[in-house]
Amino acid sequence: EAQVTQNPRYLITVTGKKLTVTCSQNMNHEYMSWYRQDPGLGLRQIYYSMNVEVTDKGDVPEGYKVSRKEKRNFPLILESPSPNQTSLYFCASTTKGAYEQYFGPGTRLTVT
Amino acid sequence: DQQVKQNSPSLSVQEGRISILNCDYTNSMFDYFLWYKKYPAEGPTFLISISSIKDKNEDGRFTVFLNKSAKHLSLHIVPSQPGDSAVYFCAASLTGANSKLTFGKGITLSVRP
């Protein structure tokens, strides 16, 4: 089954404790992206990657890091999480040049 | 500055009636528009799209209309069903924007049985 998977689905952590949210897709997509969804703000792009070893900032990259060492994986790293990063995070992927993106099920992160 | 605007946060309609969800945009360079549907505890799923060279695209009960001069698009659902109750996001993209999508805030549709 073609899909985008994210882990963990739910995470509660404390300020400053480094964490990684994994994202993997099995569709051989070149393009992958991370979004966060906040009430009243919709979906905002954090980082995206056009292909292996090619990443770039989205609209709200502060406090996040990403890497793309393999085509199928695109982890989101929070080196020192803060409460304002409490949010619902989505990973998405698509074929190069396509518009429709396929989203993962989401990771709900709470930083206390 | 929000480039894609969904000004109504919610909409409630009776089952069987038409649902009309509106979306406005400010960037005249956007040339492709999409609607996504999101249920609780799930990721958004693609619903329907339209290119700027068209003014209408239809897929079953779902039709998207684009008015470029007004920078406005709308999603019509006819007839509405209780299973359509979800959050709907409007999104837009630029040619050559490397698949980047700009999303609106979303609108919560409730279809009453």
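Note: hydrogens, waters and symmetry copies are ignored here, and every other heavy atom, side chains too, is used. Reminder, nothing fancy here: chain letters follow the sequence lines and each chain counts from 1.
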- Query: Quick one: do the B:Y32 and A:E100 side chains pair a donor with an acceptor below 3.5 Å?
  - Reply: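 A pair is found: one side chain offers a donor N or O, the other an acceptor, under 3.5 Å apart.
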
- Task: Kindly indicate whether the side chain of A:L43, heavy atoms from C-beta on, has any atom under 4.5 Å from the side chain of B:F89.
- Result: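 With C-beta onward as the side chain, the pair touches.
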
- Determine whether A:Y99 and B:S49 make a side-chain contact, defined as any pair of heavy atoms from C-beta on separated by less than 4.5 Å.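 No, every pair of side-chain atoms sits at 4.5 Å or beyond.
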
- Please work out which of the three classes, parallel, tilted or perpendicular, describes the rings of B:F103 and A:Y35, given edges at 30° and 60°.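 It falls in the perpendicular class, over 60°.
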
Is atom [atom1] of [X] surrounded by more than 12 heavy atoms (other residues, nucleotides or ligands) closer than 6.0 Å?
| X | atom1 | value |
| --- | --- | --- |
| B:K37 | NZ | yes |
| A:I12 | CD1 | no |
| A:M27 | CE | yes |
| A:K71 | NZ | yes |
| B:R17 | CZ | no |

- Specify which of B:G106, B:G104, B:G43 makes the most heavy-atom pairs with chain A at under 4.5 Å.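 Looking at each option in turn, the highest pair count goes to B:G43.
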
Distance check, rounded to the nearest 0.5 Å: [X] atom [atom1] versus [Y] atom [atom2]?
| X | Y | atom1 | atom2 | result |
| --- | --- | --- | --- | --- |
| A:Q101 | B:L34 | CD | CG | 8.5 Å |
| A:Y102 | B:F46 | OH | CZ | 8.5 Å |
| B:K105 | A:R44 | NZ | CZ | 10.5 Å |

Are [Y] and [X] connected in a single hydrophobic cluster, I mean Ile/Leu/Val/Met/Phe/Trp/Tyr linked by side-chain heavy atoms less than 4.5 Å apart?
| X | Y | answer |
| --- | --- | --- |
| B:I20 | B:I48 | no |
| A:M50 | A:V66 | no |
| A:F74 | A:L11 | yes |

- Message: Quick check: A:F103 with B:Y36 (ring centres under 6.0 Å apart)?
- Response: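 That pair passes the under 6.0 Å test.
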
- Query: Going by an N to O cut-off under 4.0 Å, is there a salt bridge joining B:K100 and A:D59?
  - Reply: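 Looking at B:K100 and A:D59, the cut-off is met.
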
- Proximity breakdown for A:E30 and chain B, heavy-atom pairs closer than 4.5 Å: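 For A:E30, there is no contact with chain B at all, as no heavy atom is under 4.5 Å.
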
- Message: I'd like to know if the side chain of A:R108 and the backbone of B:A41 have a donor-acceptor N/O pair within less than 3.5 Å.
- Response: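 Flag not set: sc A:R108 to bb B:A41 has no pair under 3.5 Å.
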
